[in-house]
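Contents: one structure, followed by commentary.
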Number of protein chains: 2
Amino acid sequence: MHNKYNNEAKVFVAVDCIIFGFDPNAEELKILLIKRNFEPEKGNWSLMGGFMEPGETLKEAANRVLNTLTGLENIFLEQLKTFSIVDRDPAERTISVAYFALINVVDFKDELYRDFSATWFKISEKPKLIFDHNDMVTLAMERLRFKASVEPIGFELLPAKFTMRQLQMLYEEIFEEKYDKRNFSKKVNSFGLLKRLDEKDKSSSKKGSFLYEFDMEKYKKRSNGFQIRHQIMN
Amino acid sequence: MHNKYNNEAKVFVAVDCIIFGFDPNAEELKILLIKRNFEPEKGNWSLMGGFMEPGETLKEAANRVLNTLTGLENIFLEQLKTFSIVDRDPAERTISVAYFALINVVDFKDELYRDFSATWFKISEKPKLIFDHNDMVTLAMERLRFKASVEPIGFELLPAKFTMRQLQMLYEEIFEEKYDKRNFSKKVNSFGLLKRLDEKDKSSSKKGSFLYEFDMEKYKKRSNGFQIRHQIMN
DNA sequence: CCAAAAGTGTTTGTACTACACCCATGT
DNA sequence: ACATGGGTGTAGTACAAACACTTTTGG
């Protein structure tokens with residue numbers, strides 16, 4: 001029989017999710033936070049999380065946690081980093097694997113997450129969070145910027161049909177920077193991943209603005225997505 | 001007293017290190033592998049790893065593991081990803097946090113890692129590894145490319161003084177691509193982070209080639225390192 | 001008819017690519 | 001004197017940045 005690592009210590013392993021959403025009407029980037037409902041730190045603002053169970057992987061745990069909160073499946077989910085300061089959780093030695101998730105706010109309904117006192121916060125207006133969750137959010141924000149500069153992840157945060165203005169607002173929120181709308185649309189169109197529909201959205205102007213769709217097929221076909229290797233050294 | 005998470009399961013947590021080194025004489029990029037000396041998979045090629053101990057963080061564990069193998073301190077070390085497939089280790093449920101490390105091969109001496117039957121392998125010639133260590137190496141390689149395209153990490157892999165040719169060879173190894181030496185030196189000089197010394201290295205040619213140093217001061221001063229946010233969307 | 005947002009082109013500068021010859025020196 | 005690697009410049013092209021006016025239509 002195998003040596004069973006009897007001299008080693010086991011620890012608790014949790015997952016915590018940094019859930020980003022973009023409200024295309026308010027044109028604001030937000031994160032979803034909950035009021036923690038057990039000790040320690042009961043009642044304080046926290047990321048949505050949970051413990052990894054014996055029969056599941058970390059990603060499965062994160063998916064389960066997200067599904068519990070939002071009812072959504074197939075959410076864009078990516079492992080961010082594992083946090084392991086010894087006394088980060090004062091109750092027990094617990095390491096936590098942070099996942100960041102991108103969801104389309106419009107997709108789901110308040111009822112689902114009312115149980116958790118879940119609330120959307122503008123990034124700049126988020127309350128202080130428990131443990132090292134503040135660091136997790138900071139890191140997730142960096143990662144979001146990073147990914148957005150390298151992959152077309154904006155579409156995960158938008159409804160299936162969106163206007164050019166909404167897309168631009170989203171990127172302006174992510175990078176906290178303003179862009180020239182002529183240059184912006186030139187750029188995003190140059191990727192060839194946007195389909196302009198014949199439909200217009202008339203909710204925001206009298207003239208109405210064209211709706212666009214992301215061309216997922218074309219993106220998948222582009223082998224391995226965008227190449228990043230040439231960006232600095234070539 | 002706090003609720004102690006009594007209903008939750010604990011697991012073993014390991015760290016595994018993907019150690020990259022560049023041999024400036026052979027002009028080859030390599031990884032350091034060991035022959036595992038305990039069950040399961042005893043005797044097979046493996047990354048250097050170990051269990052996280054109760055009083056240490058993951059990074060401290062990785063540093064300890066690296067120090068045990070190489071005797072080096074202050075190694076460039078970055079958390080890569082946590083691997084958690086349920087039966088990845090057939091002996092016990094164990095998740096493993098992969099770290100990738102960049103070291104300057106010249107710095108240290110064979111004696112230190114002889115105990116572990118440690119050997120440097122060219123990436124393309126590495127043997128099959130245990131568990132999911134092959135995936136870890138693949139991911140580390142991607143991350144190395146990525147980082148190299150965005151930050152001047154090449155200097156972690158080179159001796160303090162290096163020639164332009166060595167620097168170019170390193171990048172050619174990382175990206176598996178050849179560059180024009182005129183364009184290459186123009187580019188790296190344009191960053192303004194290289195100091196050309198008055199010294200020459202005469203080991204590789206009669207004329208001798210200038211030695212360079214990385215200007216760490218200047219790099220640190222550049223707020224937040226290089227900006228990546230403008231690369232795609234601006 | 002006018003307010004409010006949508007849509008669209010040109011010019012200028014900068015950065016990347018491709019490419020070939022002379023230099024210094026140890027043997 | 002010559003073989004070997006070291007070192008350098010230019011021209012063409014592609015991409016990014018700055019910038020302003022016309023269109024549509026609901027009220």
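Letters A, B, ... are given to chains in the order of the sequence lines, protein chains preceding strands, and every chain is numbered from 1.
A straight line from CG of N189(A) to C1' of dA16(D) spans 16 Å, rounded to a whole angstrom. Residue F184(A) contributes atom CZ, which lies 17 Å from atom C1' of dC15(D) at whole-angstrom precision. To the nearest angstrom, P of dA24(C) lies 10 Å from CZ of F210(B). Note: CG (D201(B)) to P (dA24(C)) measures 18 Å, nearest angstrom. To the nearest angstrom, P of dT4(D) lies 13 Å from CZ of R165(B). Rounded to an integer number of Å, the gap from Q166(B) CD to dG5(D) C1' is 13 Å. What separates OH of Y179(B) from P of dC16(C) is a distance of 13 Å, to the nearest Å. For K187(A) and dA16(D), the NZ to C1' distance is 7 Å, given to the nearest whole Å.
Considering only residues two or more places apart in sequence or on other chains, D201(A) meets the side chain to side chain contact (heavy atoms under 4.5 Å, CB included) condition with T163(A), S203(A), S204(A), S209(A), L211(A).
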Please list every donor-acceptor pair under 3.5 Å in which a side-chain atom of residues 16-35 of chain B meets a protein atom from a residue at least two apart or in another chain.
unit_1	atom_1	unit_2	atom_2	d
D16(B)	OD2	S96(B)	OG	2.6
D16(B)	OD2	H133(B)	NE2	3.4
D23(B)	OD1	N25(B)	N	2.9
D23(B)	OD1	A26(B)	N	3.2
E27(B)	OE2	R165(B)	NE	2.9

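Annotation: side chain of V15(B) is not in contact with side chain of K59(B) (no heavy-atom distance under 4.5 Å).
For R196(B), a side-chain nitrogen or oxygen approaches OP1 or OP2 of dT8(D) to under 4.0 Å.
Rounding to the nearest 0.5 Å gives a distance of 4.0 Å between OG1 of T70(A) and CD1 of I75(A).
Ionic pairing of E172(B) and K178(B) is present here: one or more N-O contacts between side-chain nitrogen and carboxylate oxygen are shorter than 4.0 angstrom.
With hydrogens and angles ignored, the 3.5 Å screen pairs no side-chain donor or acceptor of D215(A) with any backbone N or O of L194(A).
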Sequence-aligned protein contact record of nucleotides 18-27 of chain D, with B where the base is within under 4.0 Å of a protein heavy atom and S where only the sugar-phosphate is: BBB--BBBB-
